[in-house]
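Numbers here are sequence positions counted from 1. This one's a predicted model, so the numbers in the text were calculated from it and none came from an experiment.
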Amino acid sequence: MSAKIYRPARNAMQSGKAKTHLWVLEFDQEAPRRIDPILGYTSSSDMRQQVRLTFETQEQAEAYAKREGIDYRVIPPKEVVRQAVSYTDNFRYNRIQPWTH
């Protein structure tokens with residue numbers, strides 16, 4: 001049984017950062033998924049895929065995995081670097097890119 005511990009990225013459809021400060025422990029897939037021949041939906045006999053545990057810190061998630069004997073890997077978060085952009089920069093006289101309409 002193995003799992004990954006990570007901090008989820010923000011939703012691409014929103015500019016907010018809700019639910020990105022928590023750390024998540026998700027179990028890896030152990031049994032392959034299969035397609036039901038009659039209905040066509042995808043299913044799996046592995047119930048651990050549905051379990052998603054959240055923790056306040058990375059250390060809490062790692063401590064839980066160690067205590068339960070779960071092999072885990074930590075995926076470090078990528079910090080977002082915001083670029084300061086000003087509307088007035090579009091009209092600077094020393095603009096690098098040419099003005100186009």
Side-chain angles (χ1 to χ4, degrees):
M1 166 174 41
S2 62
K4 64 179 176 180
I5 298 173
Y6 66 97
R7 197 170 75 188
R10 70 172 180 83
N11 186 346
M13 301 302 290
Q14 298 175 348
S15 61
K17 296 192 298 183
K19 299 181 184 177
T20 60
H21 63 281
L22 297 175
W23 286 84
V24 177
L25 183 139
E26 280 186 354
F27 292 96
D28 293 330
Q29 181 176 338
E30 290 184 5
R33 295 182 183 202
R34 61 187 189 286
I35 298 174
D36 184 80
I38 298 173
L39 298 175
Y41 62 83
T42 305
S43 65
S44 175
S45 61
D46 185 16
M47 291 298 168
R48 288 196 180 128
Q49 284 180 259
Q50 300 174 10
V51 177
R52 188 173 184 194
L53 303 173
T54 58
F55 299 92
E56 292 290 325
T57 64
Q58 177 183 351
E59 291 77 22
Q60 289 177 345
E62 289 180 13
Y64 175 81
K66 287 178 186 175
R67 184 174 65 239
E68 298 298 323
I70 301 169
D71 294 330
Y72 67 92
R73 65 187 185 284
V74 177
I75 301 171
K78 295 179 182 173
E79 297 299 328
V80 177
V81 179
R82 292 198 156 240
Q83 190 175 21
V85 179
S86 174
Y87 177 73
T88 58
D89 289 344
N90 293 332
F91 305 102
R92 286 192 328 206
Y93 68 91
N94 60 350
R95 182 182 167 99
I96 297 171
Q97 296 176 343
W99 178 261
T100 59
H101 291 271

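Between F55 atom CZ and L22 atom CG the span is 10.5 Å, to the nearest 0.5 Å. Residue E26 holds its CD atom at 5.0 Å from CZ of R52, rounded to the nearest 0.5 Å. Taking CD from E56 and NE2 from H21, the interatomic distance works out to 5.5 Å, rounded to the nearest 0.5 Å.
Between F27 and M1, the shortest heavy-atom distance links the atoms CE2-SD, 3.6 Å. Closest non-hydrogen pair, I70 versus A3, comes out as CG2-CB, 3.9 Å. Between A61 and L25, the shortest heavy-atom distance links the atoms O-CD1, 4.0 Å. Across L39 and D36, no two heavy atoms sit closer than the pair N-OD2, 2.8 Å. Taking all atoms of both residues into account, the shortest heavy-atom contact from V74 to P76 is O-CD, 3.5 Å.
I38 and Y41 end up in the same hydrophobic cluster when Ile, Leu, Val, Met, Phe, Trp and Tyr side chains are linked at under 4.5 Å.
When hydrophobic side chains of Ile, Leu, Val, Met, Phe, Trp and Tyr are connected at separations under 4.5 Å, Y6 ends up clustered with V24, I75.
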Go through the steps to decide whether Q29 and S44 satisfy the test side chain to side chain donor-acceptor pair (under 3.5 Å), and finish with yes or no.
CA-CA 9 Å; Q29 181 176 338; S44 175; 5.5 Å; no
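Residues that satisfy the side-chain hydrogen bond (donor to acceptor under 3.5 Å, both in side chains) test with T20, not counting sequence neighbours, are absent from this structure.
At distances below 3.5 Å, at least one donor-acceptor pair connects side-chain atoms of D46 with backbone N or O atoms of E30.
Two residues are said to be in side-chain contact when any heavy atoms from C-beta on lie closer than 4.5 Å; Q60 and W23 fail this criterion. Taking 4.5 Å as the limit, some side-chain heavy atom of K66 sits within range of a side-chain heavy atom of Y72.
Applying the salt bridge (Lys or Arg N to Asp or Glu O under 4.0 Å) test to pairs two or more places apart or on separate chains, those with a residue in residues 68-79 are R7-E79, D28-R73.
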